[in-house]
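Everything below concerns the one structure shown next.
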Number of protein chains: 2
Amino acid sequence: MSFNKLIKKYKKKKIKIGIVGIGYVGLKLLLQFAKNKVQVLGFDNNLEKLNMLNKRISPISYIKNSEIKKTSNYSSYNNDYSKLKECDAIILCLPTPLKNKKPDLSHIINTLKKIKKYFKKNQLLVLESTTYPGTTEEKIKPFLDKKFLIGKNFFLGYSPERENPGDNSFAFKNIPKICSGYSTKCTKLCLILYQMIVDKTVAAKNIKEAEFSKLIENIYRSVNISMVNEMKMISHKLNIDINNVLNLANTKPFGFTKFEPGPGIGGHCIPIDPYYLYWKAKQVNIDAKFIKLAGQTNEDTTNWVINNFFKILTKEKKIAKKTKLLILGLAYKKNIEDTRESASKKIIINLHGKLKKIDVSEPYIKMQNSVVSEDSIFLNKYKINNILITKNIIQKYDVVMILSDHDCFDYNLIKKESKILIDTRNRIERKNRFYKL
Amino acid sequence: MSFNKLIKKYKKKKIKIGIVGIGYVGLKLLLQFAKNKVQVLGFDNNLEKLNMLNKRISPISYIKNSEIKKTSNYSSYNNDYSKLKECDAIILCLPTPLKNKKPDLSHIINTLKKIKKYFKKNQLLVLESTTYPGTTEEKIKPFLDKKFLIGKNFFLGYSPERENPGDNSFAFKNIPKICSGYSTKCTKLCLILYQMIVDKTVAAKNIKEAEFSKLIENIYRSVNISMVNEMKMISHKLNIDINNVLNLANTKPFGFTKFEPGPGIGGHCIPIDPYYLYWKAKQVNIDAKFIKLAGQTNEDTTNWVINNFFKILTKEKKIAKKTKLLILGLAYKKNIEDTRESASKKIIINLHGKLKKIDVSEPYIKMQNSVVSEDSIFLNKYKINNILITKNIIQKYDVVMILSDHDCFDYNLIKKESKILIDTRNRIERKNRFYKL
């Protein structure tokens, strides 16, 4: 097929798309294509998730079942990767975690090993995963080189995901999508693919710049949240409320952006992605000091919360071994169920065995069976109950600590019934036995 | 006079204001009051500046002579501090520099020693200078304590200046003004004072929070500019253009703010103010690591430009001792004449004696006689001519380096006539003998 014919096929939306990895990023993306009446196949190894999706049940709290249902004519979910042969475009939405603080590309590499036999001429392969500059060309291209002339009879691109879990203030289609490719033709095809689902696409000059751009977005957040947490620790010592300071600074109409202090950064992006660039910089003998400091400060912040928790116990004449603690929120941020890398989990691990009892209230976990598994294992391991808060329940605990400030919590009840209340999310005002950390 | 009567007097604008220190901040402030038909007296020790102002000539490039002229019915400029007795409100707009990287409050302290004898009952004293939290109460209040009951018969406030030199995109009156006071009455009077000249005032809960808020604004800028310069040094090594990367990231409609990389931070705020908090944090045994790293990275960035300058000479087979260098811009940022702490000056000091010749083109210096003095001394010391660029002039130099990218430079001419061009401000595209640092 000539490239022009291929373009026409894409423009008519007469293509089939395969999305490999249907987690937070992949599923959201899949639904966008299906909503726009493009046939899309979702691939995943998680049988439980596939089961749910095939029953039209959403595995993610902020994606409604109705969204799965109404797109069902254009979508299917399975683990039969041989169906990738039917696809015109294949998009990889696979996790890129860390292993010993170094990039772990095993999900991508292992998947490519498994699926490369299904690649065929004129396909477009796009990576959406966050990774260091150079990955697509250094790690993915070699899987294609023997079989294809990339840029001529096979097309390779990179388009970073920009998912912000739990945030519905920007619709997917309103977030510009960066597209890049190994050749001009690759970039062109990548642009046309995403033009089906977003209002604005942006062509990068090359893949590396697109890869780097996603990292710099998350490095910016990581550095700024950590820096604000450093400011919090200073202002606490000076007996100044950092939240008031930030609100004042935030009245400046230029040159300032407010970040929220908290108990430490969590999630699968901000604490992880910056280390991808850190590692790449080390390869060329540069020590990316801001990334390192942000990572260290993040750990310091969580430890600072723990240390101050014990200081408060002392001040309140409580003995740790006799203290029952209720932690509000296990998720890494509010209004979502994702507990990966959360400060709550780090604090539980640290406090385990030092108190009489620790329980949590994390309403988002109960709601979603598919995601419960790992969290259940965690809670069982540390003998923690996940409870729904009521007046009687709160009164049973000596200390209540707000770690994820879900909007569904009844803060009036919490303020009224807590004996000692510690808030790391600026939900309460400081007063007698109400502490802000 | 009762407090209510005092309030009424302020609300009728029947007050006289004394502004001590009429530099970038004080003069701008003075003009706002005068424009709003409030009588205002400007005090300064710089006779040359007073002379200019009394001849209705502006000492600052981005303040027009016409602004001085048209406000002359409501303003006067002098060094007779005894006239402060006539003033209802006194605003201190004095420099707060560093001495050995520690706060140097000598301008404030020495001025207070000189003017305290002119303080009288019912006056309002407001500090606008950027300083560490606690300054107003710890350093200024003691000058008043013996003579007055502060908050009752004398009023003390703090309101941080938010001047952004050379930026005219926000009019003074559109920038909310943070007001704080030693007591509720102090805050109230401070608010009413500034309501004469701005659309929105914001009351801080206490002075410390207001002091801290100004520092955090500049710490945010310092950290982010330095971090972006770290990213520049990494991307340069990876052969990736950081400006393209930043432009891509900047297409994200949330969670990212673009900062411009450059040859190192200069000016009288961003490189200095953060150390005020660093010092204060040290007093309570906290090492403000982000502030320290931002400062170090800023020095590293300027040194990196110097090192790469020599690498380029080597690559171009030039011998340093035979090289004539033309530096474009001595100011710390574009379109202003302020050269304080500028990267250009640091680079000149470093390169002095290592090349055949260094000259600069800084059109903003010639325009303003009052500010020329210190710069003249600097240029004379290093035997540097300040030249206006023409075709013939540019051709005389082996290397041209853009350090401040004033809009008035003719970049087409510069690109056409430079033998080797080094750009630290993203004004050119990389190509043969055109380098971006």
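In what follows, chains carry the letters A, B, and so on, assigned in the order in which the sequence lines appear, proteins first and then strands, with residues in each chain numbered from 1.
- For A/Leu215, no part sits under 4.5 Å from any heavy atom of chain B, backbone or side chain.
- Using a 4.5 Å cut-off between heavy atoms, B/Asn243 does not touch chain A at all.
- A/Pro133 is listed as a side-chain neighbour of B/Ile240, based on a closest heavy-atom distance under 4.5 Å.
- For the pair B/Lys208/A/Leu238, no side-chain contact is recorded, criterion being any heavy-atom separation below 4.5 Å from C-beta on.
- Shown here for B/Lys252 and A/Glu217, the closest heavy-atom pair between the two residues is CD-OE1, 3.1 Å.
- Contacts from residues 270-281 of chain A to chain B, taken as heavy-atom pairs separated by less than 4.5 Å, involve A/Leu277, A/Lys280, A/Ala281 in sequence order.
- For chain A, the nearby part of B/Lys205 is the side chain; its heavy atoms alone come within less than 4.5 Å.
- The distance from atom NZ of A/Lys237 to atom CD of B/Gln283, rounded to the nearest 0.5 Å, is 12.0 Å.
- Residues B/Ser213 and A/Ala249 come closest through the heavy atom pair O-CB, 3.8 Å.
- Under a cut-off of 6.0 angstrom, the local environment of OH in B/Tyr182 is sparse, with at most 12 non-hydrogen atoms contributed by other residues, nucleotides or ligands.
- For B/Leu293, the parts lying near chain A are the backbone and the side chain together; criterion is any non-hydrogen pair under 4.5 Å.
- Around NZ of B/Lys188, the count of heavy atoms belonging to other residues, nucleotides or ligands within 6.0 Å does not exceed 12.
- Options B/Ile286, B/Val284, B/Thr257 differ in how many heavy-atom pairs under 4.5 Å they form with chain A, and the most are formed by B/Thr257.
- Interface residues of residues 218-231 of chain B toward chain A, defined by a heavy-atom distance below 4.5 Å and sorted by number: B/Ile219, B/Tyr220, B/Arg221, B/Val223, B/Asn224, B/Ser226, B/Met227, B/Glu230, B/Met231.
- Per-residue heavy-atom pair counts under 4.5 Å with chain A were compared for B/Pro253, B/Pro176, B/Ala294, and the maximum is reached by B/Pro253.
- Taking all atoms of both residues into account, the shortest heavy-atom contact from B/Phe212 to A/Ser235 is CE1-CB, 3.4 Å.
- Between A/Arg162 and B/Thr251 there is a side-chain heavy-atom pair separated by less than 4.5 Å.
- Heavy atoms of A/Ile234 lying under 4.5 Å from chain B belong to its backbone as well as its side chain.
- With chain A as the partner, the residue from B/Ile216, B/Asn206, B/Leu248, B/Val202 showing the most heavy-atom pairs under 4.5 Å is B/Leu248.
- When the shell of 6.0 Å around NZ of B/Lys258 is examined, it contains more than 12 heavy atoms from other residues, nucleotides or ligands.
- Counting non-hydrogen atoms of neighbouring residues, nucleotides and ligands closer than 6.0 angstrom, the NZ atom of A/Lys282 exceeds 12 such neighbours.
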